[in-house]
Structures are given as C-alpha cells and as structure tokens.
Amino acid sequence: MRIEESTKLDFKDVLIRPKRSTLDSRKNVDIRREFTFKWSGKAYHGVPIIAANMDGVGTFAMARAFAEDGNGLSVALHKHYPLKDLQKFYDKAGHASVWYSIGMVKADEEKLDEFMKAGHHPDKVCIDVANGYSEHFVTFVKKIRDKYPELTIMAGNVVTGEMVEELILAGVDVVKVGIGPGSVCTTRKMTGVGYPQLSAIIECADAAHGLGGLICGDGGCTVPGDIAKAFAAGADFVMLGGMLAGHDESEQKVVKDGGQKYLQFYGMSSSTAMTKHKGGVAEYRASEGKTVKVPYRGPVEASLQDILGGLRSTCTYVGARRLKELSKRTTFIRVSQQLNTIFGNE
Ligand code: 5GP
C-alpha cells in the first residue's frame, strides 16, 4: 500500500484569480473552439460543451434545442434509442453536433456496424464505460478505430495520465475524464474509488495534449463557474448531466408533488436505469447511481444563456479574448470557502 501525499483538488477547492485586461465587454469574447481531431482528422468548431449520454439529458429534443441555439454545443445521445429512430433523426437533423454512444457490449457494437452501413451514419461516437481501466476496453477501442478510421472517437472514463496516453495511442481522439464526481453517481460511496475532478482534468489534459489528443471533463459541474474552472484547468470539452436535467427537452414525464413540478433524474447505472433498460440489476454488480427528483426548469434555452454568459464573463475577468486562452491566463487560488450561503445555497 502507498499513500500519494500531494494534494488533489476539486472545483470547490479553488477560485480563479482575476487579471488586468483590455477587454471591455463580454460580447467580445469568443467561447467557441476549433480542433482538428488527432485520428479522424475531422475539423470541429463550436462551444465545446456536451450534454451527457444519459436519459433525460442526451436526447433528440436536446440536440434540436442546441441546433436552434446556434452556439454549436453538442449532445451525446443516450444508448437506448432504437436504430430506426436514430436513422430517421440523423437523416433529418444531420449529425454535426451529435455523438452516438455505445458501450462495450456485443449488441452495441452490432448496432453501430449496422448504423455505419446506413445512408446517414454517425461521424462521432462516444464509447462509454464506467471503468476505462480494463485491457479489454483498450482492445475494444482499437478494434473500433481499425474498423472505422474516419470516425471521431471519444472514450472513457479514466482519471490518470498514463491511461489517457494508452487510450490516445489506441486511437481515441477525445478521452473522457471523471470517475465518481457525477451528480447522480455513487461510485465513490460504493467502491471508495475516485479522483478529485479538477486535478484529474489538470493531469489528464497535460498527458493528452503532449500526444496531440484532447480530453473531455465529465461530471461534477454544479454551477456555471465549475464549467469555467474545468476549461481553465485544461479541459477541451466539458460534459454536463445534472446541470441540463429537468428541462422540457428531457423527454421525461413531469410529475406534480405538493404544487411543485418535478422530473425524475437517474444515473445510467442506477437501479432505475437498469430496471428500465435491462429488466433489473444484474446479480454480480451493485447499482452505482442514484435516482433523484429535480425541479422542472422549463426550456433549456434559459439555462444555456446562464451557462454561456457565465463562461464569457469568466473570460473577461482574466482577459481571455477566446476560450482557448482561458487556461493560459488562469491562476487558481486555493480557498476554504466558495459561496456566501446566508440566504441559502442558490
Ligand atoms: P454530472 O454532470 O451530472 O455531475 O455528471 C454527469 C456524468 O455522470 C455522466 O456523463 C457520466 O459520466 C456520469 N454518470 C451518469 N450516470 C452514472 C451512474 O449511474 N453512475 C456513475 N458512477 N456515473 C454516472
């Protein structure tokens, strides 16, 4: 047994120090990024925020709302749409801002193979497993890369530099980073495994960028300021679950309770999800996600305005004309308190 003594940080442990700047208005800040993906060679241009591939978040309706918003955010679709619905969607909507998600199971791979034969097929996939540390996962990623060289591949999740490097060398364009920080995740509670998300992003971004790869900080953002911190720490993309839950675009039932409207939101390995999609929790695995009620928040557009406005404002505070410059212009300061909660936690 070993103990790593250096301090690892979470979003709540830091603030971003303001810096002198010549920027006069946040309207002049460009929060889009341009990337050329290492393996697929495809170009990307947009606000690099991705709706998580979860029920209630990674939906067709969310993708349509993002397309309408026009800032170029993307959606990772949840894994449970039938192929014919997906084909219809890709046929109509195009696929510029959509990641098609798969797991490592045979059925997902077969569905992808069939989809790739269709007229309009995905150009970006998200290979998503809870634990990206298995040799089997690396082999699977290599197989998909060999089969589809033109596909942009995001894959994860991992939290350490050596595994980021291994995945990039195996053919991944964007490594997804985060184990345990999610709003409806219980991995840390059930397994004791995890890594503070800010440090995970800092260390993994460094490893990825050294090889010409990219990372997506996935999980743990609770307020717009956390998204800014994730980008400031070096994330190329940031994925959001809970912050985008509870909207009209969730494709979930709105329930009333004591005059308040709610939507159910659950982790994709919660017993709710497993019961819904797999007919129950498999015996050998414990559920590692929870089910919560989130207040109904109306159309996602208003939340997007908050998120994007917050991010633009962060850039003006540190004098970053473009999101790309944010991490270079960031000095994090360690803090012991973030918010003044005298009137509540809002
Ligand atoms: P959030 O933005 O809600 O904090 O985090 C979203 C992320 O949580 C997702 O993108 C995914 O990586 C992770 N996640 C979603 N469902 C589950 C689950 O049931 N268990 C665990 N461990 N993580 C989950």
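Remember, it's 1-based here, ligands and their atoms both numbered in the order they're listed. Note that this is a predicted model, so its numbers are computed, not measured.
No part of Met243 comes within 4.0 Å of ligand 1, judged by heavy-atom distances. Under 4.0 Å from ligand 1, heavy atoms of Ser183 appear from its side chain as well as its backbone. Contact annotation for Leu240 and ligand 1: only backbone heavy atoms (N, CA, C, O) come within less than 4.0 Å of the ligand. In Asn157, the part holding a heavy atom less than 4.0 Å from any atom of ligand 1 is the side chain.
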Next item on the list: Determine, stepwise, if the pair Phe237 / Asp218 fulfils side-chain contact (heavy atoms from CB on, under 4.5 Å).
Entry: CA-CA 8 Å; Phe237 290 87; Asp218 175 22; over 6 Å; no

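Distances between N or O atoms of Gly220 and those of ligand 1 include at least one value under 3.5 Å. Checked against a 3.5 angstrom limit, the closest N/O atoms of Thr187 and ligand 1 fall inside it. For ligand 1, the polar-atom distance check against Met239 finds no nitrogen or oxygen pair separated by under 3.5 Å.
Here the protein heavy atom with the shortest distance to atom 17 (C) of ligand 1 is Met268 N, 3.5 Å. Nearest to atom 2 (O) of ligand 1 among the protein's heavy atoms is Gly241 N, 2.7 Å. At the shortest separation from atom 5 (O) of ligand 1 among protein heavy atoms lies Gly219 CA, 3.3 Å. The nearest heavy-atom contact from the protein to atom 7 (C) of ligand 1 is Asp218 OD1, 3.3 Å. Counting only heavy atoms of the protein, atom 24 (C) of ligand 1 lies nearest to Cys185 CB, 4.2 Å. Nearest non-hydrogen protein atom to atom 8 (O) of ligand 1 is Gly182 CA, 3.9 Å. The closest protein non-hydrogen atom to atom 18 (C) of ligand 1 is Ser269 OG, 3.3 Å.
Between Tyr81 and Phe60, the ring centre distance stays below 6.0 Å.
Figure legend: Lys42 and Phe37 shown without cation-pi pairing, the cationic atom not lying both under 6.0 angstrom from the six-membered ring centre and within 45 degrees of its axis.
Contact between Gly178 and ligand 1 is absent, with no heavy atom of the residue lying under 4.0 Å from the ligand. No heavy atom of Ala130 sits closer than 4.0 Å to any atom of ligand 1.
Pairs engaging residues 124-169 under the ring-ring contact (aromatic ring centres under 6.0 Å, His included) rule: none recorded [sequence neighbours left out].
Using a cut-off of 4.0 Å between Lys/Arg side-chain N and Asp/Glu carboxylate O, Arg145 and Asp173 are scored as salt-bridged.
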